[in-house]
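To start, the structure under review is shown below, and the notes come after it.
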Number of protein chains: 2
Amino acid sequence: MNTRSSDRGASSARGPAGVVVIELSAAIVTVTDESPKILLVRPPDMAPRAGLPYGPFDPTGHRTLEEGLRTWVQEQTDLHLGYVEQLYTFGDRFRDPQERAGGPRPVSVGYLALVRQTALKDAGESSWGDWYRYFPWEDWRDGAPTIIDSLIAPRMAKWTDDAKTKPDRNRRRERVNLAFAFAGGSWDNERVLDRYELLYEAGLVFEATLDARLEVASDLTSVHGHTGAALTKDHRRILATAMGRLRAKIKYRPVIFELMAPTFTLFQLQRAVEALSGGRLHKQNFRRLVAHEGLVEPTGHISSQTGGRPAELFRFRREVVHERPAPGLRVPVKVSKRTG
Amino acid sequence: MNTRSSDRGASSARGPAGVVVIELSAAIVTVTDESPKILLVRPPDMAPRAGLPYGPFDPTGHRTLEEGLRTWVQEQTDLHLGYVEQLYTFGDRFRDPQERAGGPRPVSVGYLALVRQTALKDAGESSWGDWYRYFPWEDWRDGAPTIIDSLIAPRMAKWTDDAKTKPDRNRRRERVNLAFAFAGGSWDNERVLDRYELLYEAGLVFEATLDARLEVASDLTSVHGHTGAALTKDHRRILATAMGRLRAKIKYRPVIFELMAPTFTLFQLQRAVEALSGGRLHKQNFRRLVAHEGLVEPTGHISSQTGGRPAELFRFRREVVHERPAPGLRVPVKVSKRTG
DNA sequence: GAAACTTATACTTAAAATGAGCATATATAG
DNA sequence: CTATATATGCTCATTTTAAGTATAAGTTTC
């Protein structure tokens, strides 16, 4: 106890210690009318799967972590980032298969960045993809995704039963029920990471087959075609973190406007929120909410691109951040009850 | 553009890269009836100031970052951590003076940990201190802290004026007004980090004098005795992050119960929330809220330690996490208006 | 042991926010 | 003109919230 100077392996408490390489990765999000998109870079050379833009942190060249990230993104995608927010730092052993092959221990700092759709241009090696391609079970806009009842529920039930001890089984059941709202609970659209991690641990997503710690049963490889597209390294995990964070954040900070054009109709705004949240909103109440929170102000101009009655164009009211402590779209996301 | 293989200094995009040492630091929080406390370790040997428990991440010994942290804390403080949550990863250049002296570039991953007051025991080199000792301007339980009007307001106004360009001045004014609620806004008790960073940039906290990038005017050193106690390295910044995160989190997750004894009176619960939030709550409404959210259930037992009418003892209802999406104490923290 | 004080808890009331929907306006497509 | 799409104003019942009043049941003081 209190052996501050004790040695553990190669490192002593505050002396020289193990050395690692830090990767900076960015989930860069934009949104077109109906679809939230993330920027992916083509697999370089050997790598089989696409991934997020990333690069190593350079302690001599980069003044801050965030500056390092901005530099890499600019170099790799020719994109200048506006809003950037740090998400999480991952450092689990053996989630990157290259590590087993003698590679260095990767520690990756994930970031969320938001850019307007005007910035949307597929530069050479990068392209935009709908984020639900990687998380099909997260899109509840047209009701409960069928994959949940048809595939996820039974497989997760089996995984729960497979636990060796009874307390272990109970823990698994608890986690599964909470994350997927199986036991009568309600779907929490922010628990994106919880759900991905469960699917990973149960071997239901492709990346799990590369994890040295997991034994993925061979009959599970057939499901990987249905549980979304895989990304390189732990990039799908970072993306899950980004989705959860963004879904939470739009409720109490006006970040949604980082994704909108300078002027927009209220319905466009609603569609953007729905795209990110993965659920539907009550139209009349949404506009009342937006107006009442003072988040937008009318421009006086009219859009006739609506396909129906023309809509008034609004702009973001920047002053709102001074008026209320947590200005955001505290939207009650309607998520139609799962069938069954 | 798209020069993925371009060299920047010593590192190329995905080749060998700069190497850093990762520090794992923990803000370990507990709460006694009226005071939120954090665990500090005595300055070891040369270091002049106390700091949080920390140690380097060992990529060969530690399976995950969090496991590394738990190991170091256990070794240094003999404390077993329950609830642990990652906060943020800091990597700014020159915030640690040792770096100028040729030391390695520090990257520190900060954590928040919660322990019950029963775990409260001063082990040899570690001790518990009220967190408002380091942030006197954050405690609004007895009204607005006088230091805000007497010292912070005028000094921050001066700092704002000192900006060289007009847009810079505007940016500073905006940040200051938002963080300290000067321009009629309301005090947001979660913006702890924003406020600390502003005081730091303005040279009003001691740590700023050690920053190679800042020129702290000599007349400012006299204020450092009033702007809270300093900690080593960037540990006060990590603590600020922890405070802000915890104040936010009690509103939508039942983390407060990580700090309570197994049974407690509703007033004890209220005092704990007030201690963390730095404001007062309406007693009758608080108990209605807690009951209505289903966060607690009566035990049937009575506490006679109240000093008045005996109170019923309650316990945390764990089932609540299954019943509602974001169970927490969505408390409206009363923060008496600043005088003037 | 009565008065003063402390804390606990039940209940009231007005205002505000919320959830769901009806009704009407103004476009386009055919 | 009709059908259909979106836009927008408004109602209404319900719930939530903020801020009390009122009363209960102990301890402390003298």
Side-chain angles (χ1 to χ4, degrees), chain A residues 33-34 141 186 251-252 263-274 277 279-314 323-337, chain B residues 33-34 186 251-252 263-274 277 279-315 323-337:
Chain A
D33 313 77
E34 304 274 323
R141 285 175 295 177
S186 62
K251 291 175 189 153
Y252 60 93
T263 70
F264 45 82
T265 70
L266 293 183
F267 197 48
Q268 285 170 340
L269 186 65
Q270 180 181 341
R271 284 289 186 232
V273 175
E274 288 175 343
S277 304
R280 290 294 176 199
L281 304 176
H282 184 288
K283 192 171 181 171
Q284 297 93 319
N285 289 348
F286 177 80
R287 54 176 29 243
R288 179 180 60 186
L289 179 80
V290 166
H292 185 268
E293 298 254 320
L295 285 164
V296 300
E297 61 191 358
T299 64
H301 294 168
I302 299 288
S303 161
S304 45
Q305 312 294 324
T306 57
R309 171 174 168 179
E312 183 155 18
L313 287 167
F314 291 80
E323 297 165 359
R324 17 180 77 242
L329 294 159
R330 0 192 108 271
V331 286
V333 180
K334 264 285 104 69
V335 123
S336 15
K337 273 267 168 274
Chain B
D33 314 76
E34 304 274 323
S186 61
K251 292 177 187 152
Y252 60 93
T263 71
F264 45 82
T265 70
L266 294 183
F267 197 48
Q268 285 170 339
L269 185 65
Q270 179 180 341
R271 282 290 187 230
V273 174
E274 289 176 341
S277 304
R280 290 293 175 199
L281 304 176
H282 184 286
K283 190 171 184 173
Q284 297 93 320
N285 289 348
F286 177 79
R287 55 176 29 242
R288 180 185 58 192
L289 179 80
V290 165
H292 185 268
E293 299 254 320
L295 284 164
V296 298
E297 61 191 359
T299 63
H301 295 167
I302 298 289
S303 160
S304 45
Q305 312 295 323
T306 55
R309 172 175 168 177
E312 183 154 20
L313 287 167
F314 291 78
R315 75 169 73 88
E323 296 166 359
R324 17 180 77 242
L329 295 158
R330 2 192 105 269
V331 286
V333 180
K334 263 286 102 72
V335 123
S336 16
K337 274 269 168 272

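These numbers come from the heavy atoms of this one structure, side chains and all, not from hydrogens, waters or symmetry mates.
- Counting only heavy atoms from C-beta outward, the side chains of A:Leu313 and A:Thr265 approach each other to under 4.5 Å.
- Distance check, rounded to the nearest 0.5 Å: CG of B:Leu289 to CD of B:Gln270 gives 10.5 Å.
- Side-chain N or O atoms of B:Thr299 include one that pairs as donor or acceptor with a backbone N or O of B:His301 at under 3.5 Å.
- C:dT18 atom C1' lies 13 Å from atom CZ of A:Arg330, rounded to whole Å.
- Contact record, A:Pro325 with B:Ser186: CD-OG, 3.9 Å, taken as the closest heavy-atom pair.
- Whole-Å rounding puts the B:Gln268 CD to C:dT7 C1' distance at 12 Å.
- Contacts with DNA chain C (heavy atom under 4.0 Å) in residues 281-298 of chain B: B:Lys283, B:Gln284, B:Arg287, listed by number.
- Checked by atom type and distance alone, the side chain of B:Glu274 pairs as donor or acceptor with a backbone atom of B:Leu281 at under 3.5 Å.
- To the nearest angstrom, P of D:dA18 lies 18 Å from CZ of B:Arg280.
- Using a 4.5 Å heavy-atom threshold, the side chains of B:Leu295 and B:Phe314 count as separate.
- Annotation for A:Arg287 and A:Gln284: closest pair CG-O, 3.1 Å, computed over non-hydrogen atoms.
- Consecutive pairing runs in DNA chain D reach the stem threshold at C:1-30 with D:1-30, where a stem means at least three Watson-Crick or G-U wobble pairs with distances under 3.5 Å.
- Rounded to whole Å, atom C1' of C:dT9 lies 16 Å from atom CG of B:Leu269.
- Without hydrogens or angle criteria, A:Arg141 side chain to A:Glu34 main chain gives a donor-acceptor distance under 3.5 Å.
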Exercise. Take nucleotides 24-30 of chain C nucleotide by nucleotide from the 5' end and write B, S or -, depending on whether a protein heavy atom sits under 4.0 Å from the base, only from the sugar-phosphate, or from neither.
Key: -BBB---
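- Here the CZ atom belonging to B:Arg271 is positioned 11.0 Å from the CZ atom belonging to B:Phe286, to the nearest 0.5 angstrom.
- In this structure, A:Arg330 and A:Ala326 approach most closely via the heavy-atom pair NH2-O, 2.8 Å.
- Heavy-atom minimum distance, B:Glu312 versus B:Pro298: OE2-CB, 3.3 Å.
- The separation between B:Ile302 atom CD1 and C:dT7 atom P is 17 Å, rounded to whole Å.
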